[in-house]
Amino acid sequence: MATNRRVERVASLIKREVSQMLMSGIKDDRVGAGMVSVTDVVVSGDLQHTKIFVSIYGTPEAKAETMEGLQSAAAYVRSELGQRVRLRRTPEVIFVEDKGLERGTQVISLLEQLSREREAREAAQAAAGVVDSAEDA
């Protein structure tokens, strides 16, 4: 079992190397369909498995196509990692789509919508208050 510090160092190395591979190493056209960036890498404690979280920008079709390309390139990525990162055993590679940025964008748009609705409601109440006070006079 590797120490936490070593697991973190290996994850950082894998993240850097996979990012470089995405820029120039992977020749699959499907991977280029959407803008891809590595957001996080999680390595198991025994350094045998790694999950690579990727954020993909584009249409839903481009995202699906890009994920298919990444999953088919997993064996190539693993072999490249074996050459670039010196480990006894090269970990199995699994690509996972990170939807955190999308969720963040959705939350921000919902908050903005709520704010607009509250402002409209307050403006309507203020207008109704002005009308009521004019009737009282």
Side-chain angles (χ1 to χ4, degrees):
M1 198 72 155
T3 63
N4 286 339
R5 185 172 172 202
R6 180 150 190 248
V7 170
E8 290 173 12
R9 277 195 347 231
V10 169
S12 174
L13 281 171
I14 290 173
K15 183 176 182 178
R16 185 179 72 214
E17 295 298 333
V18 171
S19 295
Q20 289 177 355
M21 281 186 245
L22 287 173
M23 302 267 285
S24 62
I26 299 175
K27 303 285 190 251
D28 194 337
D29 290 335
R30 295 177 293 182
V31 175
M35 257 181 40
V36 182
S37 63
V38 178
T39 57
D40 195 16
V41 174
V42 176
V43 180
S44 65
D46 60 358
L47 303 176
Q48 296 297 311
H49 302 280
T50 183
K51 287 184 184 179
I52 301 172
F53 292 88
V54 292
S55 176
I56 305 169
Y57 182 77
T59 64
E61 296 82 22
K63 289 179 182 184
E65 188 176 339
T66 302
M67 279 306 295
E68 287 176 15
L70 286 172
Q71 289 168 351
S72 70
Y76 167 76
V77 170
R78 182 179 185 207
S79 67
E80 281 293 307
L81 281 175
Q83 293 173 3
R84 295 180 184 196
V85 179
R86 286 290 178 213
L87 296 171
R88 255 185 233 140
R89 291 191 176 147
T90 307
E92 291 288 328
V93 173
I94 300 169
F95 285 100
V96 179
E97 185 177 358
D98 186 3
K99 297 183 180 184
L101 294 175
E102 289 176 16
R103 280 191 231 118
T105 304
Q106 288 175 344
V107 167
I108 289 172
S109 66
L110 286 173
L111 289 172
E112 289 173 352
Q113 179 183 354
L114 288 172
S115 177
R116 285 191 304 270
E117 289 174 0
R118 183 177 356 159
E119 289 172 3
R121 188 173 49 243
E122 288 173 356
Q125 289 174 350
V130 170
V131 171
D132 287 342
S133 63
E135 290 174 359
D136 291 338

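Sequential numbering from 1 along the given sequence is applied to the chain's residues.
Side-chain N or O atoms of Thr66 include one that pairs as donor or acceptor with a backbone N or O of Ala62 at under 3.5 Å. No donor-acceptor pair under 3.5 Å is formed between the side chain of Arg89 and the backbone N or O of Gln48.
Under the 4.5 Å side-chain heavy-atom criterion for ILVMFWY residues, a single connected hydrophobic cluster contains both Leu87 and Leu81. No single ILVMFWY cluster, assembled from side-chain heavy atoms under 4.5 Å apart, contains both Phe95 and Phe53. Transitive grouping of hydrophobic side chains (ILVMFWY, heavy atoms separated by less than 4.5 Å) brings Val85 and Met21 into a common cluster.
In this structure, Leu22 and Leu70 have side chains that are in contact, with non-hydrogen atoms separated by less than 4.5 Å. Between His49 and Val43 the shortest side-chain heavy-atom distance does not fall below 4.5 Å. Two residues are said to be in side-chain contact when any heavy atoms from C-beta on lie closer than 4.5 Å; Gln113 and Arg116 meet this criterion.
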**Asked** Does the side-chain contact (heavy atoms from CB on, under 4.5 Å) test come out yes or no for Ile52 and Val93, once each step is laid out?
**Response** CA-CA 7 Å; Ile52 301 172; Val93 173; 3.6 Å; yes
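In this structure, the separation between CD on Gln20 and NZ on Lys15 is 13.0 Å, given to the nearest 0.5 Å. For the atom pair CD of Gln106 and NZ of Lys99, the computed distance is 10.0 Å after rounding to the nearest 0.5 Å. In this structure, the separation between CD on Glu17 and CD1 on Ile14 is 9.5 Å, given to the nearest 0.5 Å. To the nearest 0.5 Å, atoms CZ (Arg121) and CD (Glu119) are separated by 10.5 Å.
Screening Val54, Val36, Val38, Leu13 for a side-chain contact (heavy atoms from CB on, under 4.5 Å) with Val18, the sole residue that qualifies is Val38.
Counting all heavy atoms, side chain and backbone alike, Arg78 lies closest to Thr90 at NH2-O, 2.8 Å.
With 3.5 Å as the limit, one finds no donor-acceptor pair spanning the side chains of Asp98 and Ser55.
Glu122 and Arg118 are not joined by a salt bridge, as no carboxylate oxygen comes within less than 4.0 angstrom of a charged side-chain nitrogen.
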